[in-house]
Amino acid sequence: LPEDDQVTERFEPLEVFAISHFLLQSSQSFDYLDAPAGVTEAADAGRGQVLFQERGCLACHSHNRFSDGEDYRPPNEIVQGPDLSNLAAKFNSADGRRWLYSWIREPTRYHARTVMPNLFLEKITHRDTMGNVTGVTDPAADLVEYLISTGDGGWAPAEEAVEELDAQ
């Protein structure tokens, strides 16, 4: 390697550490939202997939399980929100799920000027034909379960990055 590249490689992990330390020290605290009281049903990816379609998520986001949605967009249209495929790579941890839940349920809680709309994801009471309550679900939890269940797309950190972190 040329000498400049050797110097760059030697200091890069330290620079990355310094940047991440600065960002963490400059970050604001964030209070996660809890599920509403009275929810009786566990989060369900199937319900979340239906909600993903019904609540209009595909108007702003793309997802690899709904690739036909791209057929309805004009060529070269800029999609407002990020691609929501493979979110498990980023959010499949307890804090990751809590953050994603809070963001989906009340986006302005995290960023006051976000363009992500509040979808009013209040708990849903399900009833049988006689009007008896059969269960209460949390649509935000269902959406999180769906988005995490779609996998990580095979993503994994590069071996070199893992080795460097282990060495520090």
Side-chain angles (χ1 to χ4, degrees), residues 12-13 16-17 19-20 23-24 27-36 38-111 114-126 134-168:
E12 187 173 322
V16 170
F17 176 78
I19 291 168
S20 63
L23 290 173
L24 288 171
S27 297
Q28 298 173 357
S29 62
F30 180 71
D31 294 324
Y32 298 106
L33 287 174
D34 293 321
V39 173
T40 61
E41 304 292 319
D44 180 77
R47 284 193 310 259
Q49 183 173 357
V50 171
L51 286 164
F52 192 82
Q53 292 174 287
E54 288 180 347
R55 294 295 175 117
C57 300
L58 290 166
C60 297
H61 299 279
S62 55
H63 193 283
N64 60 13
R65 291 207 179 157
F66 295 98
S67 58
D68 62 336
E70 300 300 317
D71 297 340
Y72 299 101
R73 290 197 172 111
N76 302 319
E77 178 186 35
I78 297 173
V79 180
Q80 180 66 44
D83 185 338
L84 297 179
S85 306
N86 310 322
L87 284 187
K90 185 173 184 179
F91 293 106
N92 198 15
S93 68
D95 281 345
R97 284 173 177 259
R98 290 177 66 207
W99 186 90
L100 186 58
Y101 176 86
S102 297
W103 170 257
I104 288 172
R105 191 150 153 239
E106 195 177 320
T108 55
R109 182 182 185 91
Y110 181 76
H111 190 288
T114 182
V115 294
M116 169 84 173
N118 184 332
L119 299 174
F120 302 102
L121 297 171
E122 304 302 323
K123 62 185 177 182
I124 299 172
T125 302
H126 302 272
T134 59
V136 179
T137 60
D138 181 357
D142 291 340
L143 281 166
V144 169
E145 190 65 27
Y146 167 68
L147 291 170
I148 298 298
S149 77
T150 61
D152 60 12
W155 181 88
E159 286 184 32
E160 304 87 41
V162 173
E163 289 171 4
E164 285 183 26
L165 286 173
D166 290 342
Q168 291 178 2

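Counting non-hydrogen atoms of other residues, nucleotides and ligands closer than 6.0 Å to OH of Y110 gives a total of 12 or fewer.
Using a 4.5 Å cut-off on side-chain heavy atoms (C-beta onward), N92 and D152 make no contact. Annotation: side chain of H63 is in contact with side chain of L147 (closest heavy-atom distance under 4.5 Å). The closest side-chain heavy-atom distance from R47 to I124 is not below 4.5 Å. At a threshold of 4.5 Å between non-hydrogen side-chain atoms, the residues L121 and L143 count as touching. Under the 4.5 Å side-chain criterion, counting only non-hydrogen atoms from C-beta, P36 is in contact with R105.
Distance alone, capped at 3.5 Å, places no donor-acceptor pair between the R109 side chain and the F30 backbone. Side chain of H61 to backbone of P82: a donor-acceptor contact under 3.5 angstrom is found. Panel note: side chain N118, backbone E106; no donor-acceptor pair is recorded below 3.5 Å. A donor-acceptor pair under 3.5 Å is absent between the side-chain atoms of T40 and the main chain of G135, judged by distance alone.
Rounding to the nearest 0.5 Å gives a distance of 11.5 Å between CD1 of I104 and CG of L33. Put simply, OG1 on T150 and CD on E145 are 10.5 Å apart, with the number rounded to the nearest 0.5 Å. Of the inter-residue distances, the one linking L119 atom CG with L51 atom CG reads 9.5 Å to the nearest 0.5 angstrom. Annotation: the span from L87 atom CG to S149 atom OG amounts to 10.5 Å, rounded to 0.5 Å.
Residues that satisfy the salt bridge (charged side-chain N to carboxylate O under 4.0 Å, His left out) test with D138, not counting sequence neighbours, are absent from this structure. Residues satisfying the side chain to side chain contact (heavy atoms under 4.5 Å, CB included) criterion with T114, sequence neighbours excluded, are W103, P107, T108, H111, M116. D83 pairs by the side chain to side chain donor-acceptor pair (under 3.5 Å) definition with S85, not counting sequence neighbours.
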Legend entry - Worked check of side-chain contact (heavy atoms from CB on, under 4.5 Å) between T137 and D44: CA-CA 9 Å; T137 60; D44 180 77; over 6 Å; no
Inset, instruction - Check the pair Y32 / Y101 against ring-ring contact (aromatic ring centres under 6.0 Å, His included), numbers first and verdict last. - result: CA-CA 8 Å; Y32 298 106; Y101 176 86; 9.9 Å; no
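Shortest non-hydrogen contact noted between L58 and Q53 is CD1-CG, 4.5 Å.
Using the six-membered ring where Trp is involved, F52 and F66 have ring planes that are parallel, under 30° apart on the 30 and 60° scheme.
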